[in-house]
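First listed ligand is number 1; within each ligand, the first listed atom is number 1. All values below were derived from every heavy atom in this structure, side-chain atoms included, with hydrogens, water molecules and symmetry-related copies excluded. We number each residue from 1, following the sequence as shown.
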Amino acid sequence: MPSIPRGKFIVLEGLDRSGKSTQTALLTTRLRAQNHTVTHLRFPDRTTPTGTLISAYLTGANQLSDHAIHLLFAANRWEKAAEIEELIARGEWVVADRYYYSGVVYSAAKGVEGLGVEWCRQVEVGLPRPDVVVVLDAGEDVVEGRGGFGEERYEEKGLQGRVREGFRMLGGRGEGEDLVWVDAKGGVEEVEIRVWEVVEGAARKINESGRGLRRVGAW
Ligand code: FDM
Ligand code: MG
């Protein structure tokens with residue numbers, strides 16, 4: 001009898017208001033309809049102790065140094081690292097709304113001395129590496145016009161533009177081949193189909209190659 005294929009670890013990334021929450025929910029629903037067991041994660045996970053601090057920082061209720069908040073975001077992922085590996089080993093899927101790519105590019109987009117991409121990425125090395133990262137591509141001109149934009153820290157057009165450049169930069173460096181851009185400007189259904197094509201293709205390749213889950217490597 002063939003053994004059960006391992007699970008898959010899928011991440012959706014993009015600017016604020018690019019449709020990640022909608023699309024991760026749709027992807028999760030579609031996978032469940034195909035009888036996969038799916039854990040839907042969201043980073044930051046605001047429900048844990050580190051997440052409570054992060055949420056207060058984002059809403060402006062507390063102040064933290066740029067280095068400290070960067071490390072909290074990373075810690076908020078490390079809290080989930082073992083769980084992700086266990087789920088995948090058991091044949092289950094993990095779909096995450098943001099991951100360390102946001103961690104690197106948002107912090108680096110601040111332009112703070114000593115908080116460059118290399119420093120920022122170092123604390124992410126060793127985390128479970130996603131099988132594919134779908135980057136929902138809607139520019140800062142598009143997201144700034146969407147409902148709710150501007151409510152939280154970082155939801156500011158100039159920073160969003162630098163974040164978008166940051167994602168492009170990550171696409172051109174080590175493990176950049178994991179990032180796949182999907183046009184996020186159309187309707188929800190259109191975008192869902194594009195996301196699904198990417199995810200299905202990635203899953204098929206993994207099943208064919210038998211490749212295991214990897215970890216984020218150093219640059
Ligand atoms: N963000 C998110 C970071 O700055 N670093 C991170 O590691 C992560 C995961 O937090 F502006 C930023 C991105 C966004 C904000 O995210 C909150 P959501 O997805 O809007 O809740
Ligand atoms: Mg947001």
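Contact annotation: the side chain of His70 approaches that of Cys120 to within less than 4.5 Å [non-hydrogen atoms, C-beta and beyond].
Between Glu144 and Lys157 there is a salt bridge, with a side-chain nitrogen of the basic residue lying less than 4.0 Å from a carboxylate oxygen of the acidic one. Comment: Arg30 engages Glu192 in a salt bridge, judged by a side-chain N to carboxylate O separation of less than 4.0 angstrom. Ion pairing between a basic and an acidic side chain is recognised when a charged N comes within 4.0 Å of a carboxylate O; Glu175 and Arg121 show such pairing.
Judged purely by distance below 3.5 Å, without hydrogens or angles, the side chains of Arg129 and Tyr99 never pair a donor atom with an acceptor atom. There is no side-chain donor-acceptor pair under 3.5 Å between Asp66 and Ser107. A donor atom on one side chain and an acceptor atom on the other are not found under 3.5 Å apart for Glu152 and Thr59. For the residue pair Glu79 and Thr50, a side-chain donor N or O sits within less than 3.5 Å of a side-chain acceptor on the partner.
Among protein heavy atoms, the minimum distance from atom 19 (O) of ligand 1 is reached at Arg98 NE, 2.7 Å. Nearest non-hydrogen protein atom to atom 11 (F) of ligand 1 is Asp16 OD2, 3.1 Å. Among protein heavy atoms, the minimum distance from atom 10 (O) of ligand 1 is reached at Phe73 CZ, 3.5 Å. The protein heavy atom nearest to atom 7 (O) of ligand 1 is Arg77 NH1, 2.8 Å.
At a 4.0 Å heavy-atom cut-off, ligand 1 does not touch Asp97 at all. Only the side chain of Arg42 comes within 4.0 Å of ligand 1, counting heavy atoms alone; its backbone N, CA, C and O stay farther away.
If you number the atoms of ligand 1 from 1 as listed, the ones under 4.0 Å from a heavy atom of Phe43 come out as 9 (C). Residue contact check: Leu58 has heavy atoms under 4.0 Å from atoms 10 (O), 15 (C), 17 (C) of ligand 1.
Residue contacts with ligand 1 include Arg46, since one or more of its heavy atoms lies under 4.0 Å from the ligand. Ligand 1 does not have Ser107 within reach: every non-hydrogen atom of the residue lies 4.0 Å or more from it. Between Lys20 and ligand 1 there is no heavy-atom distance shorter than 4.0 Å.
The name of the N, O or S atom in Asp16 nearest to the Mg ion (ligand 2) is OD1.
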